[in-house]
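Since the structure comes first, as structure tokens, the remarks are kept for the end.
Residue numbers start from 1 in every chain, and the chains themselves are labelled A, B, ... in the order their sequence lines are given, proteins ahead of strands.
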There are 2 protein chains.
Amino acid sequence: MGITKTDFFSEQQNQTANIFKALGHPARIAIVEYLLKAKSCICGDIVNELPLAQPTISQHLKELKNAGVIQGSIEGKTICYCLNPEIIYQLESIIGGMANEIRNQNSNCC
Amino acid sequence: MGITKTDFFSEQQNQTANIFKALGHPARIAIVEYLLKAKSCICGDIVNELPLAQPTISQHLKELKNAGVIQGSIEGKTICYCLNPEIIYQLESIIGGMANEIRNQNSNCC
DNA sequence: AACGTATATTGCAATATTACGATATGTTTG
DNA sequence: CAAACATATCGTAATATTGCAATATACGTT
């Protein structure tokens, strides 16, 4: 159907999936990488950096913001976007937890 | 259009996005969590664990496999699925790198 | 070989995503 | 206030994803 049965999964699972989903597009990875590289939180240069039209980028930024991956605050004429450390740390913890579980369970299956 | 302009992004960006995308669905998160919990690499119980029909789960497993997140090997009558440690470690490294960059750049913007 | 069990594939309907032109909104500057 | 700029929203077309019933495939057992 294309409709995701979110009701059947836990709040936690849905939220985790949402963060991953937000990062599941090369343009959005590129945006995140750019925000990391541009130490200070840079504003509208993203449109010039990516091979996508302005409305498209605006839409990607919106999705990243909805998922909590980035934050945006109005800074006069421009809007200042930057990463939300909380979410990145949260992701680090989720993946780190998975990796640790794998390291601990030295299964010799497969 | 719904078509992703993968050509315009780096191989690396596309591959990273693909892994995130594979994890960007609650059912697939649930599958990964189940594979982590069931220390030995369990086979067909996943269908009984999730509130989804068998073809749907088969499809999700296929997507996880395509992205390299899980591995499947035929084990007689059943098929044995388990996580691919490589990819999880790779993800750990990607996210860890991002988190470290954020920690190092103590920007006071936003 | 015939049956049961486990998983994959096909086909299709419903919905979501991606992309962008056109346009709206808001802000600074002249 | 008007012009210039930055960003968001709307509308729409193309494509992708999600979900499942039906069916196919593959293996082990009788």
Is there a donor N/O on one and an acceptor N/O on the other, under 3.5 Å, for the side chain of B:Gln54 and the base of C:dA8?
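In this structure, the two groups form a donor-acceptor pair.
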Once you apply a heavy-atom cut-off of 4.0 Å, does [X] come out as touching a base, just sugar-phosphate, or nothing?
| X | value |
| --- | --- |
| B:Lys65 | nothing |
| B:Thr56 | base |
| B:Glu63 | sugar-phosphate |

Measuring from the side chain of [X] (C-beta onward, heavy atoms only), which nucleotide among [options] has the closest atom?
| X | options | value |
| --- | --- | --- |
| B:Ile79 | D:dG19, C:dA19, C:dT7 | C:dT7 |
| B:Pro55 | C:dG21, D:dC20, D:dT9 | D:dC20 |
| B:Leu52 | D:dG19, C:dC20, D:dA8 | D:dG19 |
| B:Leu61 | C:dA19, C:dT9, C:dA8 | C:dA8 |
| B:Ala53 | D:dT9, C:dT17, D:dA21 | D:dA21 |
| A:Ser58 | D:dG19, D:dT9, C:dT9 | D:dT9 |

Is any side-chain nitrogen or oxygen of [X] closer than 4.0 Å to OP1 or OP2 of [N]?
| X | N | answer |
| --- | --- | --- |
| B:Tyr81 | C:dA6 | no |
| A:His60 | C:dA19 | yes |
| A:His25 | D:dA16 | no |

Is there side-chain contact between [X] and [Y], with heavy atoms separated by less than 4.5 Å?
| X | Y | value |
| --- | --- | --- |
| A:Thr4 | A:Phe9 | no |
| A:Ser58 | A:Gln54 | yes |
| B:Leu61 | B:Ile57 | yes |

Can you work out whether A:Lys62 or A:Lys21 has the more 5'-proximal nearest nucleotide on DNA chain D?
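Looking at the nearest nucleotide for each, A:Lys62 comes out on the 5' side.
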Taking it one step at a time, do B:Gln90 and B:Gln15 satisfy side-chain hydrogen bond (donor to acceptor under 3.5 Å, both in side chains)?
CA-CA 11 Å; B:Gln90 190 180 327; B:Gln15 209 238 329; 3.1 Å; yes
